[in-house]
Amino acid sequence: MSPYLFVLVAEGLSALINIVVSKGDIHGIQIFRGTPKVSHLLFTGDYFLFYRATLTEVTNLMGLLRSYAEASGQEINMTKSEVFFSHNICRPAREDMACIMGVHQVLGTSMYLRLPSIIGRSKKANFAFIKDHLLKKINSWRGRSLSKAGKEVMTKLVLQAIPSYIMSDSVILDDIMKDIKKMLNCFWWGGINTNKGVMWLAWEKLMYSKKEGGLGFRDFNMDMVTKQGFHMMTKPKMLVSKVFKARYYPRSSFLEVSLGNNPSFVWRTLWRSRKFLTLGCRWSIGDVSRIKVMSEPWLRGMNKVAWEVLKGKCVYDINVDNVRLTNVKQWDVQEIRDVFTHDVANDILKVPLLEDVLEDSMVWKEEQNEVYRVKSSYWLLRSFQTNRLICREEGDWGSLWNIKAPPRAKHLLWRIFRGCLPTRKKLRQHFVQCTPNCQLCENSEEDECHVFFGCGTTNQSWRETGLYSNIEPCLNNFSDVNALILDICSIKDMRNAGRVAVLIWMIWNNRNNAIWNNDREEASKLGMQAYHT
DNA sequence: GAAAAGGAAGTAACCCGATT
DNA sequence: AATCGGGTTACTTCCTTTTC
C-alpha cells in the first residue's frame with residue numbers, strides 16, 4: 001500500500017484513540033508531571049500504543065482495535081505485535097493480559113527502526129551492531145577493484161552514512177568509534193581481496209580537510225546530536241520538545257539547565273550539545289523578551305558569554321527587557337552605559353532590535369537562512385579545536401585538488417605529496433621485503449623521482465606528450481619530487497597541469513601493470529593516451 | 001623502525017533501585 | 001523530588017606485542 005494511504009488510515013486510528021482517551025476509557029502514559037500524556041505514536045506502518053496495564057483498559061483497547069479493523073478493512077496481525085510491560089506488573093498479570101490480546105511479551109531488548117529501543121548499561125554491546133553493518137557493507141564491496149577516488153566516494157556516501165542514523169541522537173562510544181575508524185582505515189589502504197596492507201596514514205590524518213592536506217573524511221556525530229538540541233529550542237511545539245522540557249527544564253531554558261536527576265541516555269546526549277549550541281546560536285530579540293542577560297548567548301561577535309560587569313550586584317537576574325525602553329523597540333542607552341563596562345555596552349548596542357521579530361527566537365548564526373546545518377556546525381566546532389591535535393600539513397593543497405584531471409589522478413598526486421606511494425624505496429623503509437631496484441629498467445633504486453622522471457620509458461613518454469619542455473627546467477631546479485610536481489601544478493595553464501597529472505597517473509598505472517600483470521605499454525602509446533584524455 | 005593493536009590496572013562515570 | 005550507594009561499565013594511561 002502506498003505510504004500516503006497508510007497515513008490517511010492511521011489518521012483514522014489516531015482520531016479513534018483520541019475519542020476513547022477523552023472519554024477516559026484508556027489512559028496514555030505520562031512520564032513525568034507536566035509532560036503531555038502520550039497514548040499513541042504512529043510511524044508509517046508501525047503503531048505504538050501506550051495504556052495502563054489493567055484488564056478494563058486492555059479490553060477497551062481490543063474493542064477499539066476491532067472496530068478500527070472493521071472500519072478500515074485493515075487486519076491487525078497480532079502475531080507480529082508485541083507487548084512490553086513495566087517492571088511493577090507481576091508475572092501472572094502480564095501473562096493474562098498478553099493472552100487476552102494474543103500477542104507476545106518482549107523484554108524490551110528488541111530493535112525498532114534499527115535502533116535499540118531500550119539502552120541499558122552495556123552500551124558497548126547495544127551499539128556493537130553498527131560494526132556488523134559496516135563490516136557487511138565492506139565485505140560486499142570487497143573483490144571489486146576500486147580506485148582510491150572510488151573508495152573515497154564509497155566511504156563518504158555509503159560507509160559513513162550507515163552510522164549516521166544512529167549518530168543523530170546518540171553519541172557513539174569512543175571504543176566503537178575507534179573500531180569504526182580502524183575498519184574504514186583498513187578498507188581505505190587495503191588491497192582488493194584483503195583489508196590488510198601498510199596503513200600509510202592514520203585515519204585522523206585523513207580526516208583533515210582537503211585544504212589541510214587530508215581527504216576530508218568527517219565525524220559528524222556531535223554535530224548531528226546538536227541538531228536535535230537546536231530543534232528542541234526552536235520548535236517548542238513538537239511533542240518531543242514538550243516532553244523533554246517538562247521533564248528536564250520546566251522553569252528554565254535549555255541552555256542554562258543542569259543535568260538533573262536520573263537523566264536518560266538521550267537527555268544526557270542532548271544536554272552535552274548545549275555547549276556546542278552556544279558557540280553558534282544567537283537569540284533574535286522579540287517584542288517581549290525573557291532572555292537572561294548573563295547566561296544566554298545573544299550578543300553578536302562574541303565567543304564567550306560571560307563578561308566583566310561594573311555594578312555586578314544583580315545582573316544575573318535581569319533580562320534583556322530591563323535594558324530596553326518600554327513601548328519602543330530601542331535600547332536604553334543610559335541604563336546600558338550605567339550597568340556594563342564600556343566594551344560590553346558597545347557590544348550590546350550593536351545588537352539589532354528588529355521590528356519584525358515578534359517573539360524571542362533562536363537562530364544559527366553560521367548560515368544565511370539562520371537554520372542549523374550539520375556542515376557549518378562541523379567547521380565551527382573544528383575551528384575551536386584547532387589548538388589541539390589538529391594542525392594542517394604544509395603545502396599548497398588547494399591547487400592540487402583544483403587541477404582539471406580525473407579524481408584518480410589527483411588522488412595519486414595526493415599520495416605522492418603525502419609520501420605514501422608504495423615505491424620500492426618506501427616499502428623498504430617500512431621493512432617490507434622486496435628488491436630495491438626499479439622493476440622496469442632494473443638499473444637504479446626505485447624512488448618517486450626515478451619512477452616519474454628518471455626511468456627510460458617514462459622519460460620518453462614525457463617527450464611524446466610534448467610536456468617535456470615544461471618539466472625539463474624544473475628537473476634541474478628541484479631535488480624534491482613534491483616541490484617539482486607542485487611547481488608544475490601551480491602553472492597558470494590548468495589544462496597542462498591536468499595533462500601532467502594524467503600522465504603521472506598513466507606512468508604509475510603502467511608500472512603496476514608491468515609488475516603485477518606483466519603487461520607493459522609502449523612509451524609512445526602512453527603519451528598519446530595521456531594527451532587525449 | 002614506527003605505528004597500530006592489545007593488555008592490565010586504576011579511576012571516573014554511569015545505571016538503577018532504595019530511601020526519605 | 002532529590003539524594004545515596006552498590007555494583008558495573010567505560011575511559012585513561014602506560015606498557016608490551018604485533019604487524020607491515
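Order of the sequence lines sets the chain letters (A, B, ...), proteins ahead of strands, with each chain counted from 1. If you're wondering where the values come from, they're calculated on a predicted model, not measured in any experiment.
Relative to the six-membered ring of A/Trp188, A/Lys148 meets both conditions, a distance below 6.0 Å and an angle of at most 45° to the axis.
Note on the helix from B/dG1-C/dC20 to B/dT20-C/dA1: terminal axis deviation equals 30°, with five pairs used at each end and the result rounded to 10°.
Across the protein-nucleic acid pair, A/Trp188 atom CH2 and B/dA4 atom P stand 16 Å apart, rounded to whole Å. For the pair A/Trp267 CH2 and B/dC16 P, the interatomic distance rounds to 18 Å; values are reported in whole Å. Computed from coordinates, the A/Arg268 CZ to B/dA13 C1' distance equals 8 Å when rounded to whole Å. Distance, A/Leu184 CG to B/dA4 P: 15 Å, rounded to whole Å. Nucleotide C/dA2 holds its P atom 11 Å from the CG atom of A/Asn262, rounded to whole Å. The distance between atom NZ of A/Lys181 and atom P of B/dA4, rounded to the nearest whole Å, is 13 Å. Rounded to an integer number of Å, the gap from A/Asn185 CG to B/dA4 P is 8 Å. Atom CG of A/Leu201 is separated from atom C1' of C/dC20 by 15 Å (rounded to the nearest Å).
Residues that satisfy the salt bridge (charged side-chain N to carboxylate O under 4.0 Å, His left out) test with A/Asp179, not counting sequence neighbours, are A/Lys131, A/Lys182. The side chain to side chain donor-acceptor pair (under 3.5 Å) test applied to A/Asp321 returns A/Arg324, not counting sequence neighbours.
Ring geometry, A/Trp508 versus A/Phe452: the interplanar angle falls from 30° to 60°, so the pair is classed tilted. Aromatic ring pairs are classed by plane angle as parallel below 30°, tilted from 30° to 60° and perpendicular above 60°; the pair A/Trp267 and A/Phe244 is parallel.
Residue A/Arg428 places none of its side-chain N or O atoms closer than 4.0 Å to OP1 or OP2 of B/dG1. A sub-4.0 Å separation between OP1 or OP2 of B/dG6 and a side-chain N or O of A/Lys182 is present.
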Q: If a protein heavy atom is under 4.0 Å from the base, mark B; if only from the sugar-phosphate, S; if neither, -; do that for nucleotides 10-18 of chain C going 5' to 3'.
A: SS-------

Let me check something: any side-chain donor-acceptor pairs from residues 20-31 of chain A under 3.5 Å, sequence neighbours excluded? List them with distances.
{"residue": "A/Ser22", "atom": "OG", "partner": "A/Asn18", "partner atom": "O", "Å": "3.3"}
{"residue": "A/Ser22", "atom": "OG", "partner": "A/Ile19", "partner atom": "O", "Å": "2.7"}
{"residue": "A/His27", "atom": "ND1", "partner": "A/Glu57", "partner atom": "OE2", "Å": "2.6"}
{"residue": "A/Gln30", "atom": "NE2", "partner": "A/Thr35", "partner atom": "O", "Å": "2.9"}

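Within the structure, salt bridge (charged side-chain N to carboxylate O under 4.0 Å, His left out) pairs that include any residue of residues 424-439 of chain A comprise A/Lys426-A/Glu448 (at least two apart or interchain).
A/Glu152 has a carboxylate O that lies under 4.0 Å from a charged side-chain N of A/Lys156, or vice versa, which qualifies the two as a salt bridge.
No donor-acceptor distance shorter than 3.5 angstrom exists from the side chain of A/Lys410 to the backbone of A/Leu400, with no hydrogens or angles considered.
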